[in-house]
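Treat the numbers as computed from the prediction; the structure is a model and nothing was measured.
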Amino acid sequence: MAQGGVGSPDDVDTVDISKYVALVHGNLGTGKRIKSLMNRHAIEDRAWERFQYVKFCPGLFHTKMACVDVLWRIFIKDTLGKEDETSHLQTTVMKDVGVIRAKQTGTIKSKCEFRRMHQVIQHVGAVRRLDCWHVAVQELRPSFTSLEEFAKSKPKLDELKMMAEKLVSEFVANHRISTVRLNPEAQHDQQFENAALMQQYFLLYEELTFAMNHGDITRFEKVLLPWIQLFKATGKHVYATEMTEFLLDTHFMFHVDFGVVFCMVLVSHIIRYNILINPTGKPGKFRAADWCVELHNYYIKVKYGGQGSNRSVKRMISESASVGTYSQAHETIEKTMHLNRLTTGHASPDMRKTFTELRNSLSQCSPHVFTPGRRTKYSIPDMLRKGADLLCKKASSRTEAEVGIGTEGADDIHPEFEDIIADLL
């Protein structure tokens, strides 16, 4: 706070924000420290001394990183050593990774790195969806032998919508997947079921990314609900708890105590409109607030952090407020010297050849063609159902512990995860 010129109302040289709400974005470690700080100062008399004005918002960029880690745990970590014995029957993500990133399979198996795994999810998901389109075209329009021929025929939008609905209903898993798996082995295809679950989870990640990039807050909150279940199912209980509490606070429980007068202030609108930022003002370029914080840290510590004896923590702190000025000065010099074509951004790679190789690999034994009785060495579990069961058990145990049946506290009503679903959907 002192670094930003914000301090106590008694200080003359600082800005008094005791009547406002300060949103703090960061990872869950930052939120834990803030809660600990507020608990230690809860005995103080004034709202400022209790840090009552601070509201922690979980960083959506770190939440997105946690989503990537969930998919890595489901499709890579939990499947290591459980691939099919014959290579032509392997339908795991690692087989696809071996085609598009042959030199990085060891690194991807050993640890989850966000950028690399993010690209794997997008690339593998895109090619597998193309394979689904190929299967659907062969079924509905057998006169076309390839997707390229079908695209050259310029199909109408209504036909594409009809085919897209068919793809979602047939190739993406839904709540009936657990019931289907109860059928005799000769009546269901385990590899097809694995591929359907992969499509479901990958599409959830694609929708999360799309909502964040386009600043669609409501859409993000809706798609966050199944991700909370996936957090719970894969052992990321802290993220499941924190994101549930964040949604509960945003939609039901926000109030702020401003010292003398107790005011009920609806700040959910403020928070929802400030958790995503568009630094460039271009469509599809929204970024999470904690992503902007990480970018600012990069400028402070790396780009403008000084060199040699000038590189010190004291210097970084003292000049951190001038980072924006330094960046603007560099841009002015580049434009003046006609260097405005330079950029630190990289163009998207041309993946057409790589995608073609992966499509050829999938076409040899497509997991999206239903083959009764086909088996696999490892069946991907229905993590959404598992996460929902764990959340229900947690809610029921908490209810029995805090609200005794038949006691006076039984009339107390507290919002739960189901209330978030009802409010959003």
Side-chain angles (χ1 to χ4, degrees), residues 1-6 22-34 54-69 111-122 205-206 208-217 220 224 239 242-243 246 270-307 310-335 339-349:
M1 292 297 176
Q3 183 180 353
V6 178
L23 304 182
V24 180
H25 305 268
N27 56 17
L28 299 189
T30 302
K32 185 177 180 180
R33 293 183 179 90
I34 291 176
V54 176
K55 174 55 190 173
F56 171 70
C57 299
L60 302 190
F61 176 64
H62 288 84
T63 303
K64 186 177 179 180
M65 295 172 64
C67 295
V68 169
D69 185 65
K111 58 183 177 181
C112 177
E113 295 180 354
F114 170 73
R115 175 54 54 186
R116 182 179 286 110
M117 192 61 193
H118 169 78
Q119 293 177 347
V120 166
I121 294 170
Q122 290 191 325
Y205 182 77
E206 292 285 354
L208 179 82
T209 302
F210 180 86
M212 292 181 60
N213 290 344
H214 290 79
D216 193 340
I217 307 300
F220 170 80
L224 188 61
Y239 263 99
E242 290 294 333
M243 299 312 297
F246 172 70
I270 301 173
I271 291 178
R272 297 173 74 200
Y273 275 76
N274 287 276
I275 55 178
L276 291 173
I277 304 171
N278 193 332
T280 62
K282 299 178 181 179
K285 296 296 184 180
F286 277 84
R287 296 292 181 265
D290 57 324
W291 182 90
C292 297
V293 172
E294 295 294 339
L295 178 63
H296 194 73
N297 290 338
Y298 165 75
Y299 285 149
I300 294 174
K301 300 176 182 178
V302 179
K303 195 169 184 179
Y304 306 115
Q307 297 179 354
N310 289 331
R311 184 175 175 81
S312 63
V313 176
K314 182 178 180 181
R315 181 181 184 277
M316 292 179 186
I317 294 177
S318 63
E319 298 192 8
S320 60
S322 303
V323 165
T325 304
Y326 295 154
S327 180
Q328 291 178 2
H330 279 224
E331 292 179 1
T332 302
I333 294 174
E334 289 176 357
K335 293 179 180 179
L339 300 176
N340 54 340
R341 293 183 178 272
L342 301 180
T343 177
T344 57
H346 298 282
S348 300

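Rounded to the nearest 0.5 angstrom, I300 CD1 and L295 CG are separated by 10.0 Å. Separating the CG atom in L60 from the NE2 atom in H25 is a distance of 8.5 Å, to the nearest 0.5 Å. For the atom pair Q119 CD and F114 CZ, the distance stands at 9.5 Å (nearest 0.5 Å). To the nearest 0.5 Å, atoms OH (Y239) and CG (L28) are separated by 4.5 Å. Here the straight-line distance linking atom CG of N27 with atom CZ of R33 works out to 7.5 Å at 0.5 Å rounding. Residue H118 holds its NE2 atom at 4.5 Å from OH of Y205, rounded to the nearest 0.5 Å.
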Please walk me through it: do R287 and I277 pass side-chain contact (heavy atoms from CB on, under 4.5 Å)? CA-CA 5 Å; R287 296 292 181 265; I277 304 171; 5.6 Å; no

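Using modelled atom types, one side-chain atom of H214 and one backbone atom of F210 make a donor-acceptor pair closer than 3.5 Å. Within the 3.5 Å criterion, the main-chain N or O of K301 finds a donor-acceptor partner in the side chain of R311.
When all heavy atoms of A211 and L276 are compared, the closest pair comes out as O-CD1, 4.3 Å. Among all heavy-atom pairs drawn from K282 and N278, the shortest one is O-ND2, 2.8 Å. F220 approaches M212 most closely through the heavy-atom pair CD1-CG, 3.7 Å. The two residues I271 and C57 make their nearest non-hydrogen contact at CG2-SG, 3.8 Å. Here the shortest heavy-atom pairing between E206 and I121 reads OE2-O, 4.5 Å.
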May I have the list of side-chain donor-acceptor pairs in residues 61-68 shorter than 3.5 Å, sequence neighbours left out?
| residue | atom | partner | partner atom | Å |
| --- | --- | --- | --- | --- |
| H62 | ND1 | D290 | OD2 | 2.6 |
| T63 | OG1 | G59 | O | 2.9 |

